[in-house]
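Chain letters run A, B, ... following the sequence lines, proteins first, then strands; residues in each count from 1.
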2 protein chains.
Amino acid sequence: MFSAHPEPTVDVRRSHAGLTSSSFDDRMASATIRRLLAKEHVFCEGDKRDHVFYVEEGVIAVYKTLPDGRRQIIDFAYPGDLIGLGVLGEHVLSAQATATSRVKCLSAATLERIAETDARLALKLYKSVCHELAATRSLLVTVGQRSAIERVAAFLVRLHRRTGVEESSTINLAMRRSDIADLLGLTIETVSRTLTKLRTMGAIEIEQGGTRVHLRDLGRLLELANE
Amino acid sequence: MFSAHPEPTVDVRRSHAGLTSSSFDDRMASATIRRLLAKEHVFCEGDKRDHVFYVEEGVIAVYKTLPDGRRQIIDFAYPGDLIGLGVLGEHVLSAQATATSRVKCLSAATLERIAETDARLALKLYKSVCHELAATRSLLVTVGQRSAIERVAAFLVRLHRRTGVEESSTINLAMRRSDIADLLGLTIETVSRTLTKLRTMGAIEIEQGGTRVHLRDLGRLLELANE
DNA sequence: CGGCGTTTTGAGATATCTCAATGGGAGTGG
DNA sequence: CCACTCCCATTGAGATATCTCAAAACGCCG
């Protein structure tokens with residue numbers, strides 16, 4: 001379904017789909033593991049798209065840069081997500097670990113061949129694009145319409161939903177302020193100031209090093225996020 | 001492929017795919033036509049998603065609103081685009097004509113039924129999501145990273161590529177300043193001022209009523225857009 | 001002509017950015 | 001174990017792009 005048709009544009013990126021197709025599972029079991037340190041790249045825009053990566057641990061920032069170096073992070077990929085899917089021979093986005101991470105490297109050609117006969121897998125890939133699209137639209141609304149405090153609150157809430165362990169309202173950012181800034185279309189300083197404002201308001205607590213954040217008043221954050 | 005699987009999130013929106021599958025063509029031929037005046041809605045967020053719409057003429061703004069009324073336009077749909085596709089029973093976005101428009105109303109259930117057996121159509125729908133995703137990411141980069149003048153220049157260039165007749169570098173906005181503002185995450189006034197700045201610079205000429213714009217210096221616009 | 005919706009323009013307010021300095025934590029090497 | 005360095009986060013102060021509020025001009029339609 002994917003590889004047979006040359007296609008002029010896009011690149012599919014992440015899957016929330018549980019990966020249960022049996023032939024796919026076989027692949028997963030025998031796949032190569034790659035470990036990354038913070039700031040290491042999984043792939044770059046323009047690289048040959050010969051692998052698809054399944055995130056097992058850590059956080060991967062998927063982003064696009066402008067010619068002058070400005071960077072927009074499109075999304076963060078967490079364990080269980082699939083990155084690097086697409087219909088083109090080259091990656092149109094870059095992906096970089098924001099913290100120590102581990103990914104499984106899957107052959108793109110093989111995956112796409114399996115998808116041709118395995119309707120369940122094909123459907124999962126399709127759904128993953130839909131999820132991706134929804135997430136991107138949601139971020140677009142945030143960046144286009146919300147103020148700094150709303151953006152940061154929305155980010156925290158979303159991160160909590162995505163990675164938060166039940167009951168615990170402490171989240172591990174596992175990334176730098178610059179990553180948050182590039183996701184939200186703000187500067188590092190504004191992100192920092194906004195976090196301290198949220199702290200001052202009593203909505204959050206920031207632990208040592210500023211990477212762990214305790215969401216003290218989730219209701220307040222939701223309200224601020226305007227969701 | 002689409003209807004059989006209840007799915008918790010998204011809504012696929014637009015297709016650039018040439019629509020040539022024969023059973024689909026039959027549907028198209030017998031479909032109901034709906035004519036819309038500017039500001040009329042094609043559908044609203046939360047509406048039952050029983051139809052998919054093929055834009056034949058005009059411009060349809062597809063958007064999302066925040067609880068307090070702020071609006072982010074996700075994209076404009078032009079003739080040849082398909083809107084309202086998705087995997088959910090309800091629309092998650094709203095769609096409104098920005099100018100007099102004409103759409104063909106297609107039964108969502110039927111379309112999805114055909115897609116289950118017609119691989120070519122299914123593939124086209126898949127590709128349309130990919131295109132949509134690429135367009136949304138591109139807009140996200142614009143809104144998150146670019147200045148007002150860069151955003152407006154990028155918008156004009158994109159509109160020209162999308163709807164511009166060969167050779168003619170005059171484009172018809174067919175929408176209000178408020179629509180452009182809500183697409184780019186700016187205010188009406190900033191859009192207006194930015195357009196006059198581009199005019200003063202000699203990059204564009206604005207015709208009567210401000211709806212037709214002549215791109216006088218496309219190179220300059222491209223440069224400004226930072227693409 | 002008169003009214004309405006829209007665009008343009010102006011002037012002042014403000015959120016965010018920029019530039020710069022300070023401080024903290026982690027790692028390194030003496 | 002203590003400098004020392006590096007990277008990152010925080011904080012401050014001033015600059016600025018964009019927003020807000022307000023008024024005027026324009027184009028369209030009855």
Side-chain angles (χ1 to χ4, degrees), chain A residues 37-40 61 68-72 96-100 142-153 155-156 172-200 204-213 224 226, chain B residues 37-40 61 68-72 96-100 142-153 155 172-201 204-213 224 226:
Chain A
L37 297 176
K39 301 212 162 184
E40 261 192 279
D68 66 359
R70 280 173 284 178
R71 174 176 85 141
Q72 176 66 49
Q96 180 186 38
T98 69
T100 307
T142 295
V143 168
Q145 301 299 324
R146 298 200 234 252
S147 68
I149 197 165
E150 292 171 323
R151 293 184 211 190
V152 173
F155 166 74
L156 293 175
N172 185 5
L173 299 182
M175 65 186 66
R176 281 162 220 75
R177 297 290 182 263
S178 63
D179 297 315
I180 302 176
D182 289 346
L183 178 81
L184 300 178
L186 300 170
T187 59
I188 302 176
E189 295 93 329
T190 299
V191 170
S192 179
R193 275 187 253 269
T194 305
L195 283 170
T196 72
K197 188 183 288 185
L198 287 171
R199 179 165 54 69
T200 306
I204 63 174
E205 267 170 53
I206 304 174
E207 288 177 27
Q208 47 125 50
T211 54
R212 290 183 64 80
V213 175
L224 281 169
N226 238 313
Chain B
L37 296 175
K39 303 208 163 188
E40 261 191 278
D68 65 0
R70 280 173 284 178
R71 175 177 84 142
Q72 177 66 48
Q96 180 185 39
T98 69
T100 307
T142 295
V143 169
Q145 301 299 325
R146 298 200 234 253
S147 68
I149 197 164
E150 293 172 322
R151 292 185 211 190
V152 173
F155 166 74
N172 186 6
L173 298 182
M175 67 187 65
R176 274 155 230 75
R177 297 290 182 264
S178 63
D179 296 315
I180 302 174
D182 288 347
L183 178 80
L184 300 177
L186 301 170
T187 59
I188 301 176
E189 296 93 327
T190 299
V191 171
S192 179
R193 277 188 253 268
T194 305
L195 283 170
T196 72
K197 188 182 287 183
L198 288 171
R199 179 164 55 69
T200 306
M201 291 167 47
I204 63 173
E205 269 170 51
I206 303 175
E207 289 177 27
Q208 46 127 49
T211 54
R212 290 184 65 81
V213 175
L224 281 169
N226 239 313

| field | Passing candidate, side chain to side chain contact (heavy atoms under 4.5 Å, CB included) with B/Val152, options B/Thr194, B/Thr190, B/Thr142, B/Ile204 | value | B/Thr194
| request: Answer yes when B/Asp179 and B/Lys39 have at least one side-chain N-carboxylate O distance shorter than 4.0 Å, and no when they do not. | output: no
| message | When you measure only distances, ignoring hydrogens and angles, does the side chain of A/Arg193 come within 3.5 Å of the base of C/dT18 through a donor and an acceptor? | response | yes
| task | Represent DNA chain D in dot-bracket notation, 5' to 3'. Only Watson-Crick or G-U wobble pairs with both distances under 3.5 Å count; pseudoknot-style crossings use [ ] and interstrand partners use |. | result | ||||||||||||||||||||||||||||||
| request: Can you tell me the distance, in whole Å, between the CZ atom of B/Arg70 and the P atom of D/dT20? | output: 10 Å
| task | Give a yes/no on whether any side-chain N or O of A/Lys39 is located under 4.0 angstrom from OP1 or OP2 of D/dC8. | result | yes
| task | Check the distance between D/dG27's P and B/Ile206's CD1 and give it to me in whole angstrom. | result | 12 Å
| task | Might you point out which heavy atoms bring B/Arg70 and A/Asn226 nearest each other, and give the distance in Å? | result | NH2-ND2, 3.0 Å
| note | Taken to the nearest whole Å, CZ/B/Arg212 to P/D/dG27 is 16 Å
| said: From CG of B/Leu37 over to P of C/dG5, roughly how many Å is that when rounded to an integer? | reply: 15 Å
| field | Atom-to-atom span, CD1 of B/Ile188 to C1' of D/dT18 - whole angstrom | value | 14 Å
| Of A/Val191 and B/Thr190, the one whose closest DNA chain C nucleotide lies more 5' | B/Thr190
| request: Please state whether the phosphate of D/dT18, meaning OP1 or OP2, lies under 4.0 angstrom from any side-chain nitrogen or oxygen of B/Thr187. | output: no
| message | I'd like to know if the side chain of A/Arg151 and the backbone of A/Leu186 have a donor-acceptor N/O pair within less than 3.5 Å. | response | no
| field | Side-chain N or O of B/Thr196 closer than 4.0 Å to phosphate OP1/OP2 of C/dT9 | value | yes
| query | Under 4.5 Å between any side-chain heavy atoms of A/Leu173 and A/Leu156, yes or no? | reply | yes
| message | Is B/Ser147 close enough to D/dA17 that one of its side-chain N or O atoms is under 4.0 Å from OP1 or OP2 there? | response | no
| request: Would you kindly give the CG-to-C1' distance between A/Leu195 and D/dT11, to the nearest whole Å? | output: 14 Å
| query | Should B/Arg176 be listed as having a side-chain N or O under 4.0 Å from OP1 or OP2 of C/dT6? | reply | yes
| So which heavy atom on A/Ile180 is nearest to which on A/Val191, and how close? | CG2-CG1, 3.9 Å
Strictly under 3.5 Å: I want the nitrogen or oxygen pairs between protein and nucleotides 25-27 of chain C, one per line.
none

| note | Shortest non-hydrogen pair, B/Gln72 vs A/Gly144, comes out as OE1-CA, 3.3 Å
| said: Rounded to whole Å, please give me the gap between CD in B/Glu189 and C1' in D/dC21. | reply: 8 Å
| query | Any side-chain heavy atom of B/Met201 sitting closer than 4.5 Å to one from B/Leu224? | reply | yes
| query | Roughly how many Å is it from CG in B/Leu186 to C1' in D/dT20, rounded to a whole number? | reply | 14 Å
| task | Please name the pair of heavy atoms, one in A/Arg71 and one in A/Gln96, separated by the smallest distance, quoted to 0.1 Å. | result | NH1-OE1, 3.2 Å
| said: Are B/Leu195 and B/Arg177 packed together at the side-chain level, in the sense that at least one heavy-atom pair is separated by less than 4.5 angstrom? | reply: yes
